[in-house]
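Every heavy atom of this structure was used, including side-chain atoms; hydrogens, water molecules and symmetry mates were not.
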Amino acid sequence: LPAGETAAMGTKLGLASAVMVALGYPGEIQDNLAVRWGWWALAMIPFFYVVYSLLSGLGEATARQPESVVGLVSAARYLTAVSWLTYPFVYIIKNVGLAGPVA
(Lines give C-alpha, C1' and ligand atoms only; values in the text may rest on other atoms or scores of the structure.)
Protein backbone atom coordinates (compact mmCIF):
# COMPACT_ATOMS: atom_id res chain seq x y z
CA LEU A 1 0.00 0.00 0.00
CA PRO A 2 1.10 3.57 -0.52
CA ALA A 3 2.26 5.34 2.64
CA GLY A 4 -0.94 7.41 2.92
CA GLU A 5 -3.18 4.34 2.70
CA THR A 6 -0.99 2.44 5.15
CA ALA A 7 -1.23 5.24 7.71
CA ALA A 8 -4.99 5.58 7.22
CA MET A 9 -5.57 1.83 7.53
CA GLY A 10 -3.31 1.62 10.58
CA THR A 11 -5.22 4.43 12.23
CA LYS A 12 -8.61 2.83 11.49
CA LEU A 13 -7.52 -0.59 12.72
CA GLY A 14 -5.81 0.88 15.78
CA LEU A 15 -8.90 2.85 16.73
CA ALA A 16 -11.19 -0.12 16.12
CA SER A 17 -8.94 -2.28 18.32
CA ALA A 18 -8.99 0.33 21.07
CA VAL A 19 -12.80 0.56 20.87
CA MET A 20 -12.98 -3.24 21.04
CA VAL A 21 -10.92 -3.32 24.24
CA ALA A 22 -12.80 -0.32 25.68
CA LEU A 23 -16.13 -2.08 25.08
CA GLY A 24 -14.89 -5.40 26.41
CA TYR A 25 -13.38 -4.14 29.64
CA PRO A 26 -16.61 -3.04 31.37
CA GLY A 27 -17.98 -6.53 30.86
CA GLU A 28 -14.77 -8.11 32.07
CA ILE A 29 -15.19 -6.53 35.50
CA GLN A 30 -18.91 -7.37 35.85
CA ASP A 31 -20.29 -10.20 37.95
CA ASN A 32 -23.68 -10.12 36.22
CA LEU A 33 -23.51 -12.67 33.40
CA ALA A 34 -26.13 -10.94 31.25
CA VAL A 35 -24.20 -7.68 31.42
CA ARG A 36 -20.94 -9.48 30.58
CA TRP A 37 -22.52 -11.03 27.47
CA GLY A 38 -23.90 -7.64 26.43
CA TRP A 39 -20.48 -5.99 26.58
CA TRP A 40 -18.98 -8.99 24.80
CA ALA A 41 -21.50 -8.59 21.95
CA LEU A 42 -20.71 -4.89 21.67
CA ALA A 43 -16.95 -5.59 21.61
CA MET A 44 -17.50 -8.05 18.75
CA ILE A 45 -18.61 -5.25 16.40
CA PRO A 46 -15.18 -3.60 16.08
CA PHE A 47 -13.56 -7.05 16.42
CA PHE A 48 -15.25 -8.33 13.26
CA TYR A 49 -14.31 -5.12 11.43
CA VAL A 50 -10.64 -5.62 12.33
CA VAL A 51 -10.61 -9.32 11.41
CA TYR A 52 -12.44 -8.70 8.13
CA SER A 53 -10.10 -5.83 7.23
CA LEU A 54 -7.01 -7.89 8.01
CA LEU A 55 -8.20 -10.95 6.12
CA SER A 56 -9.40 -9.06 3.07
CA GLY A 57 -6.30 -6.87 3.01
CA LEU A 58 -3.96 -9.82 3.34
CA GLY A 59 -6.00 -11.65 0.68
CA GLU A 60 -5.38 -8.79 -1.74
CA ALA A 61 -1.70 -8.74 -0.74
CA THR A 62 -1.43 -12.48 -1.38
CA ALA A 63 -2.78 -12.05 -4.90
CA ARG A 64 -0.06 -9.46 -5.68
CA GLN A 65 2.87 -11.56 -4.48
CA PRO A 66 5.29 -13.55 -6.63
CA GLU A 67 4.43 -17.24 -6.79
CA SER A 68 7.49 -18.09 -4.70
CA VAL A 69 6.09 -16.34 -1.59
CA VAL A 70 2.34 -16.85 -1.98
CA GLY A 71 2.41 -19.81 0.40
CA LEU A 72 4.23 -17.82 3.07
CA VAL A 73 1.92 -14.79 2.79
CA SER A 74 -1.11 -17.09 2.81
CA ALA A 75 0.17 -18.81 5.97
CA ALA A 76 0.69 -15.39 7.58
CA ARG A 77 -2.89 -14.51 6.66
CA TYR A 78 -4.31 -17.58 8.39
CA LEU A 79 -2.02 -17.23 11.40
CA THR A 80 -3.21 -13.65 11.79
CA ALA A 81 -6.83 -14.81 11.68
CA VAL A 82 -6.26 -17.59 14.20
CA SER A 83 -4.46 -15.26 16.61
CA TRP A 84 -7.26 -12.69 16.42
CA LEU A 85 -9.96 -15.34 16.77
CA THR A 86 -8.66 -16.26 20.22
CA TYR A 87 -9.96 -12.94 21.64
CA PRO A 88 -13.67 -13.81 21.83
CA PHE A 89 -12.96 -17.23 23.34
CA VAL A 90 -10.57 -15.94 25.98
CA TYR A 91 -13.18 -13.35 26.96
CA ILE A 92 -15.85 -16.08 27.25
CA ILE A 93 -13.83 -18.26 29.66
CA LYS A 94 -15.15 -16.48 32.75
CA ASN A 95 -18.68 -16.41 31.28
CA VAL A 96 -18.85 -20.21 31.22
CA GLY A 97 -17.64 -20.55 34.80
CA LEU A 98 -13.98 -21.34 34.31
CA ALA A 99 -11.77 -19.46 36.76
CA GLY A 100 -8.60 -19.88 38.75
CA PRO A 101 -6.48 -22.97 38.11
CA VAL A 102 -9.26 -24.61 36.07
CA ALA A 103 -9.15 -21.83 33.45
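- The local environment of CG in N32 is crowded, with over 12 non-hydrogen atoms from other residues, nucleotides or ligands closer than 6.0 Å.
- One finds the CD atom of Q65 at 12.0 Å from the CD atom of E60 (value rounded to the nearest 0.5 Å).
- The two atoms that bring F47 and L85 nearest to each other are CZ-CD2, 3.8 Å, heavy atoms only.
- The minimum heavy-atom distance linking M44 with P88 is given by the pair SD-CB, 3.7 Å.
- Of all heavy-atom pairs spanning A16 and P46, the tightest one is O-CB, 3.4 Å.
- The hydrophobic cluster containing L79, built from Ile/Leu/Val/Met/Phe/Trp/Tyr side-chain heavy atoms closer than 4.5 Å, comprises no other residue.
- Between the side chain of S56 and the backbone N or O of Y52 there is at least one donor-acceptor pair closer than 3.5 Å.
- The two residues T62 and V73 have their closest heavy-atom pair at OG1-CG1, 3.2 Å.
- Residue pairs meeting the side chain to side chain donor-acceptor pair (under 3.5 Å) criterion with at least one member in residues 13-29, sequence neighbours excluded, do not occur.
- Taking the six-membered ring where the residue is Trp, W37 and W40 present perpendicular rings, their angle passing 60° and hence far from 30°.
- Both V50 and F48 are members of a single hydrophobic cluster when ILVMFWY side chains are connected at heavy-atom separations under 4.5 Å.
- Within the 4.5 Å cutoff, no side-chain heavy atoms of W84 are placed close to those of L55.
- When every heavy atom of Q30 is checked against every heavy atom of R36, the shortest pair comes out as O-CD, 3.3 Å.
- We find the CD1-OH distance between I92 and Y87 to be 10.5 Å, quoted to the nearest 0.5 Å.
- Shown here for A22 and P26, the closest heavy-atom pair between the two residues is O-CD, 2.9 Å.
- Between Y49 and M20 the shortest side-chain heavy-atom distance does not fall below 4.5 Å.
- When hydrophobic clusters are built by joining Ile, Leu, Val, Met, Phe, Trp and Tyr residues whose side-chain heavy atoms come closer than 4.5 Å, directly or via intermediates, V21 is grouped together with L13.
- The structure places OG of S53 at 8.0 Å from NZ of K12, a figure rounded to the nearest 0.5 Å.
- Under a hydrophobic clustering in which Ile, Leu, Val, Met, Phe, Trp and Tyr are joined whenever their side-chain heavy atoms come within less than 4.5 Å, directly or via other members, V35 and I45 fall into the same cluster.
- Note on W39: it clusters hydrophobically with V96, by side-chain heavy-atom contacts below 4.5 Å among ILVMFWY residues.
- In this structure, the side chain of Y91 engages the main chain of G24 through a donor-acceptor pair within 3.5 Å.
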